[in-house]
Engineer: 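Below you will find the structure I want to go over with you.
Everything numeric here is computed off the predicted structure, so don't read it as measured data. Every heavy atom of this structure was used, including side-chain atoms; hydrogens, water molecules and symmetry mates were not.
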Amino acid sequence: QVQLVESGGGLVQPGGSLRLSCAASGSAISFYALGWYRQAPGKQRELVATITAGRSTNYADSVKGRFTISRDNAKNTVWLQMNSLKPEDTAVYYCNAATKLGPPITYWGQGTQVTVSS
């Protein structure tokens, strides 16, 4: 019954910025971890950034210093601010939410396309 809906994707020029958002609905709990993954054509899905309920963050080396993840615990919403975008950032970005109830349960959104091109 949990649904994750991403938004904010689009076409951006190299060096530009974009802000993705993901809202979870139908959840009775605050997720332990929220995050963003991405998948480029022909490549495996990879972790971009995560943030815990305590707002501890983790970033992939490829985006460190350029992307910022944030969340609103009350709304079960997570954002990804992407700056200094590069063509290699082009991918479908997926929202991820995880509980910590042993074993953890994860949920995925449908994805939003981000294209970085001049």
Side-chain angles (χ1 to χ4, degrees):
Q1 69 280 17
V2 173
Q3 302 287 331
L4 303 181
V5 180
E6 304 100 333
S7 63
L11 175 63
V12 188
Q13 292 186 340
S17 298
L18 201 63
R19 188 171 188 248
L20 307 181
S21 65
C22 172
S25 63
S27 177
I29 62 170
S30 178
F31 291 104
Y32 170 72
L34 296 170
W36 291 93
Y37 287 67
R38 67 186 182 187
Q39 187 168 22
K43 296 185 178 180
Q44 296 187 52
R45 189 172 299 186
E46 64 175 350
L47 185 148
V48 177
T50 61
I51 183 168
T52 68
R55 292 185 169 82
S56 176
T57 59
N58 183 50
Y59 296 92
D61 289 340
S62 60
V63 307
K64 195 174 301 181
R66 300 187 297 120
F67 291 9
T68 302
I69 189 170
S70 59
R71 66 182 287 169
D72 184 326
N73 291 336
K75 296 181 178 180
N76 265 337
T77 301
V78 60
W79 295 269
L80 184 68
Q81 179 66 47
M82 305 183 293
N83 298 325
S84 302
L85 284 162
K86 305 174 181 179
E88 50 262 47
D89 294 319
T90 297
V92 176
Y93 284 70
Y94 296 91
C95 181
N96 172 265
T99 65
K100 195 175 183 180
L101 299 174
I105 302 173
T106 61
Y107 301 91
W108 293 93
Q110 292 298 308
T112 184
Q113 177 71 48
V114 172
T115 302
V116 184
S117 176
S118 60

Engineer: Should Arg71 and Asn73 count as side-chain neighbours, where that means a heavy-atom distance under 4.5 Å?
Structural biologist: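 Of all side-chain heavy-atom pairs linking Asn73 with Arg71, at least one is under 4.5 Å.
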Engineer: Would you say Leu11 and Ser117 make side-chain contact, with heavy atoms under 4.5 Å?
Structural biologist: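 The answer is yes, as the side chains (C-beta and beyond) meet within the 4.5 Å cut-off.
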Engineer: When clusters are formed from ILVMFWY side-chain contacts under 4.5 Å, directly or step by step, what else is grouped with Tyr94?
Structural biologist: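 Tyr37, Leu47, Val92, Trp108, listed by chain and number.
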Engineer: Tell me the salt bridge (charged side-chain N to carboxylate O under 4.0 Å, His left out) pairs involving residues 76-98, sequence neighbours left out?
Structural biologist: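 Non-adjacent pairs meeting salt bridge (charged side-chain N to carboxylate O under 4.0 Å, His left out): Arg38-Asp89, Arg66-Asp89.
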Engineer: Between Ser17 and Asn83, which heavy-atom pair has the shortest distance, and what is it?
Structural biologist: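 Smallest heavy-atom distance, with atoms named: OG-OD1, 2.8 Å.
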Engineer: Let me confirm one number: the OG1-CG distance from Thr112 to Leu80, rounded to the nearest 0.5 Å.
Structural biologist: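 Answer rounded to 0.5 Å: 11.0 Å.
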Engineer: Working to the nearest 0.5 angstrom, can you tell me the gap between Ile69 CD1 and Cys22 SG?
Structural biologist: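 One gets 9.5 Å once the value is rounded to the nearest 0.5 Å.
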Engineer: Kindly indicate whether the side chain of Leu20, heavy atoms from C-beta on, has any atom under 4.5 Å from the side chain of Glu6.
Structural biologist: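 When only atoms from C-beta onward are counted, Glu6 and Leu20 do not touch, as no gap falls below 4.5 Å.
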Engineer: Quick one: side chain to side chain donor-acceptor pair (under 3.5 Å) partners of Thr50, sequence neighbours excluded?
Structural biologist: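 For Thr50 there are no side chain to side chain donor-acceptor pair (under 3.5 Å) partners, ignoring immediate neighbours.
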Engineer: How many angstroms lie between atom CD of Gln81 and atom CG of Leu18, to the nearest 0.5 angstrom?
Structural biologist: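 The CG atom of Leu18 is 8.0 Å from CD of Gln81, to the nearest 0.5 Å.
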Engineer: Which heavy atom of Asp72 sits nearest to which heavy atom of Arg55, and what is that distance?
Structural biologist: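 Heavy atoms of Asp72 and Arg55 come nearest at CA-NH2, 4.2 Å.
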Engineer: State which residues pass side chain to side chain donor-acceptor pair (under 3.5 Å) with Lys64; sequence neighbours excluded, sorted by chain then number.
Structural biologist: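 Checked Lys64 against side chain to side chain donor-acceptor pair (under 3.5 Å); matches are Asp61.
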Engineer: Taking atom OG1 of Thr52 and atom CG of Asn58, what is their separation to the nearest 0.5 Å?
Structural biologist: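 The OG1 atom of Thr52 sits 10.0 Å away from the CG atom of Asn58.
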Engineer: For Gln113, is the CD atom crowded, meaning more than 12 foreign heavy atoms sit under 6.0 Å from it?
Structural biologist: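 Counting neighbours around CD of Gln113, more than 12 heavy atoms of other residues, nucleotides or ligands fall under 6.0 Å, so yes.
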Engineer: Please round to the nearest 0.5 Å and tell me the distance separating atom CD of Gln39 and atom CD of Glu46.
Structural biologist: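 Between atom CD of Gln39 and atom CD of Glu46 there are 9.5 Å.
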Engineer: Would you check if the side chain of Thr115 reaches a backbone N or O of Thr90 as a donor-acceptor pair within less than 3.5 Å?
Structural biologist: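 Checked: no pair found.
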Engineer: Taking Val78 as the starting point, is it possible to reach Tyr32 by hopping between hydrophobic residues whose side chains are less than 4.5 Å apart?
Structural biologist: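 Tyr32 does not cluster with Val78.
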Engineer: Decide yes or no for Asn76 and Ser30: does some side-chain heavy atom of the first lie under 4.5 Å from some side-chain heavy atom of the second?
Structural biologist: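 They are in contact (side-chain heavy atoms under 4.5 Å apart), so the answer is yes.
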Engineer: I'd like to check Ser25 versus Val5 (side-chain heavy atoms, cut-off strictly below 4.5 Å). Are they in contact?
Structural biologist: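 The answer is no; the side chains never approach within 4.5 Å.
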Engineer: Who pairs with Phe31 by ring pair (Phe, Tyr, Trp, His ring centres under 6.0 Å), at least two apart in sequence or on another chain?
Structural biologist: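 Testing Phe31 for ring pair (Phe, Tyr, Trp, His ring centres under 6.0 Å), a comparison that skips the adjacent residues, returns Tyr107.
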Engineer: How would you list all residue pairs meeting ring-ring contact (aromatic ring centres under 6.0 Å, His included) that involve residues 51-86, not counting sequence neighbours?
Structural biologist: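 Matches after skipping sequence neighbours: none remain.
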